[in-house]
Number of protein chains: 2
Amino acid sequence: MPSSRPLRADARRNREALLAAAREAFLADGDATVEEIARRAEVAVGTLYRHFETREALVAEVYRQEVAELCAAPARLLTHHAPDEALRTFLLLLVEHAAVGRGMGEALESIMATDSPVFDDARDEMARALDDLLAAGAAAGLVRSGISGRVVLRALGGICGLRAKGWKDDAVRIATILYDGLRYGAANHG
Amino acid sequence: MPSSRPLRADARRNREALLAAAREAFLADGDATVEEIARRAEVAVGTLYRHFETREALVAEVYRQEVAELCAAPARLLTHHAPDEALRTFLLLLVEHAAVGRGMGEALESIMATDSPVFDDARDEMARALDDLLAAGAAAGLVRSGISGRVVLRALGGICGLRAKGWKDDAVRIATILYDGLRYGAANHG
DNA sequence: TCCATAAGGTGAGTCCGACTCCGCTTGCGT
DNA sequence: ACGCAAGCGGAGTCGGACTCACCTTATGGA
C-alpha cells in the first residue's frame, strides 16, 4: 500500500505536519495525547488516524530515522575499531541516544523492553546490528560467544526509561558492566 | 492509620477476599481490571478503593510478602556462601521469582524499572539488599566496587517483563553477564 | 475550464479502564 | 436494643485512545 498512488498534496502536508508536531511534542515532554498532537498540527484526530494506525505507530515513525541511524553504527564502528571497542562504543552510543530527550529514551525502551508488534522491525534491526558486533567480537576471541543480540537488547531495555537525577551516570555504569560481562568469558580472557 | 482501630470484621473479610482475588488474578493472567478483581472478591469497586489507594497499591500489597522474602535472601546467602557466590545466587533467585507467574514478573519490573512512589519501599529494600551483597563482595575483593544496588536493580529491570518463548534462558544469560561484569573489575581479578 | 469522483478531512461520539462520591447498610460498644 | 461511625455499593466522572458517517477538495480527463 505504499505508492499505489503518490498521496495527495494536502495529505502529504498533513502527514508531515503530524510528524513534526509529534516529534516536537515527544522529544520535549516524552508524551502527549493524540488530541494534543493533532491540535499542534492543526488537523483533527481523524486525520491523524488516517495516516497512522495507532498512536504507537506514530511514535515508531517519529523515531524510525534515528533508530535506523543507530542501527547503521555497528557496521561503521567495525571498520574503524577492534570488535570489542566497537561493542563498547555502541553500548555507550545507545545511552547517548537515550539521553537526547525523554521521548527518545521511551521509544528505545519500547523497542527494547516490550514486544509490541509495532516495533518488530526496529527490534529486529537492532538485534541484528548487535549480532554483528557480538559475532565479530566472538570471532576475534574478544567477546564470549553464544549470546544473541536480542538478549543484550533486552538487558539494555531497563536503562532507557527513567529520568531521575544522575540517570545517565547509572546508564553508563550499567552499559560498562554489561560490556565487561560480555568480555568475561571470551577466548582470550583478559 | 494502621491499628487506630482493629478493623471491623466485615472489612477484614473483604480486604482478605480482595487480596486473594487479586493474587489469583495476577499470578495467572498478569493483569485484570479493578472491576474484575472486585467481582471475583464479590465486593464493589468502591470497597476495593476503600482498602487500597490505587490499583498499583493493591498490586504492591499482593507482592509485598514475596518481595520481602526475596529481600531477606542476601543476608541468608551471605552466611552460607562466599560473597561472589551469594551475589550470583541472588541474581538467579530473582529470575526464578520473576518466573513464578506473569504477575510476579510484572511486579518485579514495576519495582525495578519504574519510579512509581507506590513501590518506593520495595525498591529501597531491594536496593539495600543488593548493596549488602555488593559491599561484601567488594570487601572480599571479589566484586568491583563503586556500584550501587540501585544500579544493578535497574539493570535487571528489563528481564522481568516479557514472557516470550525461551524467556527464562535469556534472563539467566543476562543475569550471568551482569554477574561476570560485576566481577570483572574486582581487586582479585580472575 | 469544469466536473466527477475518489482521496482526504472532520469531530462528535464510543469504548474502556481507573477512580470518586454520596446515600444506604451494618457491626459493635454501651 | 439502639446509635452511629465504619464500611459498602454502584452509578457516575474523567481522561485518553480510537471510530465512523458525513462533508470537503485536489486532481485528472473531457
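Side-chain atoms are counted along with the backbone in the values below, which use heavy atoms only and exclude waters and symmetry mates. Please read these numbers as outputs of a predicted model, since none were measured by experiment. Below, chain A is the first sequence line, B the second, and so on; all start at residue 1.
Taking the six-membered ring for Trp and thresholds of 30 and 60 degrees, B:Phe26 and B:Tyr63 have nearly parallel ring planes, at less than 30 degrees apart.
Rounded to whole Å, the distance from CZ on A:Arg12 to P on C:dG9 is 12 Å. Counting to the nearest Å, the P atom of C:dG17 and the CG atom of B:Leu58 are 16 Å from each other. Between A:Arg39 atom CZ and C:dT10 atom C1' there is a gap of 16 Å when expressed in whole angstrom units. At whole-Å resolution of the value, CD1 in B:Ile37 and P in D:dG10 are 18 Å apart. Between A:Phe52 atom CZ and D:dT19 atom P there is a gap of 15 Å when expressed in whole angstrom units. What separates CD of A:Glu35 from C1' of D:dC14 is a distance of 13 Å, to the nearest Å. As a whole-Å value, the separation of A:Leu48 CG from D:dC20 P is 16 Å. Spacing between atom CG of B:Asn14 and atom P of D:dG7 amounts to 10 Å, rounded to whole angstrom units.
Within the 4.5 Å cutoff, the side chain of A:His51 has heavy atoms near those of the A:Thr47 side chain. Two residues are said to be in side-chain contact when any heavy atoms from C-beta on lie closer than 4.5 Å; B:Tyr179 and B:Leu92 fail this criterion. In this structure, the side chains of A:Met112 and A:Phe119 stay at 4.5 Å or more apart for every pair of heavy atoms.
Between the base of C:dG9 and the side chain of A:Arg50 there is a donor-acceptor pair shorter than 3.5 Å.
Taking side-chain N and O atoms only, B:Thr47 has a distance below 4.0 Å to OP1 or OP2 of D:dG9. Contact check, A:His51 against C:dG9: a side-chain N or O comes under 4.0 Å of OP1 or OP2.
When distances run from any side-chain atom of B:Ala44 to the nucleotides C:dG27, C:dG9, D:dG10, the shortest one goes to D:dG10. Of the candidates C:dG8, D:dA17, C:dT20, C:dT20 carries the atom nearest the B:Val45 side chain, counting heavy atoms from C-beta on. Taking only side-chain atoms of A:Tyr49, from C-beta outward, the nucleotide of C:dA18, D:dC18, C:dG27 with the closest atom is D:dC18.
In terms of hydrophobic clustering, with Ile, Leu, Val, Met, Phe, Trp and Tyr side chains grouped at heavy-atom distances under 4.5 Å, A:Tyr184 and A:Ile147 are assigned to different clusters.
If you find the closest nucleotide of DNA chain C to B:Ala9 and to B:Arg55, the one lying nearer the 5' end belongs to B:Arg55.
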